[in-house]
K.L.:
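Got a structure for you, written out below as structure tokens; questions coming shortly.
Chain letters run A, B, ... following the sequence lines, proteins first, then strands; residues in each count from 1. All figures in this text were calculated on a predicted structure; none of them were measured in a lab.
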Amino acid sequence: MADQHATVKGMNDILSPEVSKWQFVEEKARSVLEAFSYRELRTPSLEYTPLFVRSVGEATEVVEKQMYTFDDRDGSSVTLRPEGTAPAVRAYVSRSQWNREPVTRWYYLGPMFRHERAQRGRLRQFHQIGAEVFGLNAPSIDAEMIAMLVGMLTEFGLQASDLSVTINTLGEPDERVAYREALRAFFSQHVDALDDDSRRRLDTNPMRILDSKNPDVQTIAAAAPILLDTLGMASRERFEQVRTQLQTLGIDGETDPRLVRGLDYYTATIFEIKAKVGNLGSQNTVCGGGRYDRLVESMGGAAIPALGFGMGVERVLLAMTEEAESFEPALSLFVAPMDERARLWALPVAHRLRMAGIRVEIEHRDTGLKQQLKRADKLKARLALIVGDNELASGKLALKDLAAGKQHEVAAADLEAKIRQLLD
RNA sequence: GUGGCCGUAGCUCAACUGGUAGAGCGCCUGACUGUGGCUCAGGAGGUCGCGGGUUCAACCCCCGUCGGUCACCCCA
């Protein structure tokens, strides 16, 4: 397949009927987000490289080896966005949004790019539905967002019982730094028992050792200090309030003290939702996010707290077990002209119906009625309009209800009304 | 980035562990000339992912490459 028709590895065409499932998810997502008072934000796909290096973090996997970075023609380094928060923050800061609006809720929907080893649920061009809230730091907004996500996934047709919500808190940056040192000290005592990955993380990000899947490392990690225990009263109380309010909203989120995030900007509450159903492989995290209370300020803005999430559209689609075909829109009417003259007469009729919002297909090829009805059937048309010499002569059109097998004689003037009546 | 498995018609797969490819579904056409879904009969469609090697001979063996997939890693 490495020919001139190949797509770039990990990047796919999306066509019907699959695209119908995409549209369904996108429409549902939009309506839920709009209901929660978010407005859409559209940012460029390409940004100057330092934006991601500074916000996502220099030592993160994403920045170190997954970004599509190249020199633009003028020599400046640019990067295809690997995630949506940094561009949103850039947009927020660049127009001093906090001066215009104390609380900003933005959502976005679009392709992200990460050069990873592709597998099921992990593409190089993948799509995220995401949102950011700037200017709020009450625990209730954290709970609101998580509950909204569960609600959105439910709207997609997933059962709440098939989702698992995990939450944790990373505390404030200074608390995190202290904890990191504590962990480093702890694991340093057990260096001999650590695998290579974990040893490497001892320097770069000791918190990641905690969610190692190596059983030996897990045994040691079980005795490691717990972040939550080391946090100050304020952080712990805040987290407790998030948990309580989540319960109020009917969400039973499980606290996982080992949950960490791979992007550096996160603070305080972080969360993840996994889907336990569908065709997801090991990549079953459907969405994740958290607070990033220092990012706006560190990007040159005011000290504005914020939080956000990213949801992987491909993964949501895999979790949804319904066939893509079932999301395909039905064809309302197939117009079958018997010959050139009939087609000439029928085309403007079809045009008017289409402009009236009815989904209509008309045969443009010279083919017999039998073939046309077969085609109508294939297209799952609800109705067929037969136009031939008889109809043109009598002025009575033949409108056939394909499912019922009943044919109706209709005057041209009554056509639209009759169609709407039969479609109900 | 590391390791395993896989790659044959549009789709799902088959071809005695070497002798130059088949089925089902789908698609097209027809079964007395203006009526579909069922049935029947025909038909089109494959450089066996690509390149190289071994061999008298390769879809089947070897190497490389591209793609997919699973696990690790990472994350949405």
K.L.:
I'd like to know if Lys400(A) reaches the base of rU35(B) with its side chain such that a donor and an acceptor end up less than 3.5 angstrom apart.
P.N.:
yes
K.L.:
With a 3.5 Å cut-off and just heavy-atom distances, do the side chain of Gln371(A) and the base of rG34(B) make a donor-acceptor pair?
P.N.:
no
K.L.:
What about Asn390(A): does its side chain form a donor-acceptor pair under 3.5 Å with the base of rG34(B)?
P.N.:
yes
K.L.:
Pairing check on rG10(B): which nucleotide meets the Watson-Crick or G-U wobble criteria with it, both distances under 3.5 Å?
P.N.:
rC25(B)
K.L.:
Regarding Glu132(A) and Tyr108(A), do their side chains bring together a donor and an acceptor under 3.5 Å, going by distance alone?
P.N.:
yes
K.L.:
Do Trp22(A) and Phe327(A) make the cut of ring centroids closer than 6.0 angstrom?
P.N.:
no
K.L.:
Among Thr49(A), Asp72(A), Thr69(A), exactly one meets side chain to side chain donor-acceptor pair (under 3.5 Å) together with Ser77(A). Which residue is that?
P.N.:
Thr49(A)
K.L.:
Kindly say whether, by distance alone, the side chain of Arg315(A) makes a donor-acceptor pair under 3.5 Å with the base of rC75(B)?
P.N.:
yes
K.L.:
Identify whether any heavy atom of Gly289(A) sits under 4.0 Å from a base atom; if not, whether one sits that close to sugar-phosphate; answer base, sugar-phosphate or nothing.
P.N.:
nothing
K.L.:
With a 3.5 Å cut-off and no angle check, do the side chains of Glu175(A) and Ser235(A) form a donor-acceptor pair?
P.N.:
yes
K.L.:
Under 4.0 Å between a side-chain N/O of Lys9(A) and OP1 or OP2 of rG67(B), yes or no?
P.N.:
yes
K.L.:
Both Asp401(A) and Glu272(A) contact RNA chain B. Taking the nearest nucleotide for each, which residue is further toward the 5' end?
P.N.:
Asp401(A)
K.L.:
Is rU54(B) paired to anything, Watson-Crick or G-U wobble with both distances less than 3.5 Å, and if yes, which nucleotide?
P.N.:
none
K.L.:
Would you indicate what Gln66(A) reaches in the nucleic acid, counting non-hydrogen atoms under 4.0 angstrom: base, sugar-phosphate, or nothing?
P.N.:
sugar-phosphate
K.L.:
Name the pairing partner of rA44(B), where a pair is Watson-Crick or G-U wobble with both distances under 3.5 Å, or state none.
P.N.:
none
K.L.:
If pairing requires Watson-Crick or G-U wobble contacts with both distances under 3.5 Å, which nucleotide is the partner of rU69(B)?
P.N.:
rG4(B)
K.L.:
Between the side chains of Tyr265(A) and Glu83(A), does any donor sit under 3.5 Å from an acceptor?
P.N.:
yes
K.L.:
With rounding to whole Å, what would you report as the distance between rC63(B) and rG24(B) at their P atoms?
P.N.:
37 Å
K.L.:
Does Arg117(A) contact rG3(B) through a side-chain donor or acceptor facing the base, at a distance under 3.5 Å?
P.N.:
yes
K.L.:
If the C1' atom of rA14(B) is compared with that of rC59(B), how far apart are they to the nearest Å?
P.N.:
12 Å
K.L.:
Is the base of rG37(B) touched by the side chain of Lys374(A) through a donor-acceptor pair closer than 3.5 angstrom?
P.N.:
no
K.L.:
Taking rC50(B) as the reference, what is the distance to rG7(B) when you measure between their P atoms (whole Å, please)?
P.N.:
13 Å
K.L.:
Does Glu116(A) contact rA76(B) through a side-chain donor or acceptor facing the base, at a distance under 3.5 Å?
P.N.:
yes
K.L.:
Which value, in whole Å, describes the distance between the P atoms of nucleotides rC6(B) and rG49(B)?
P.N.:
13 Å
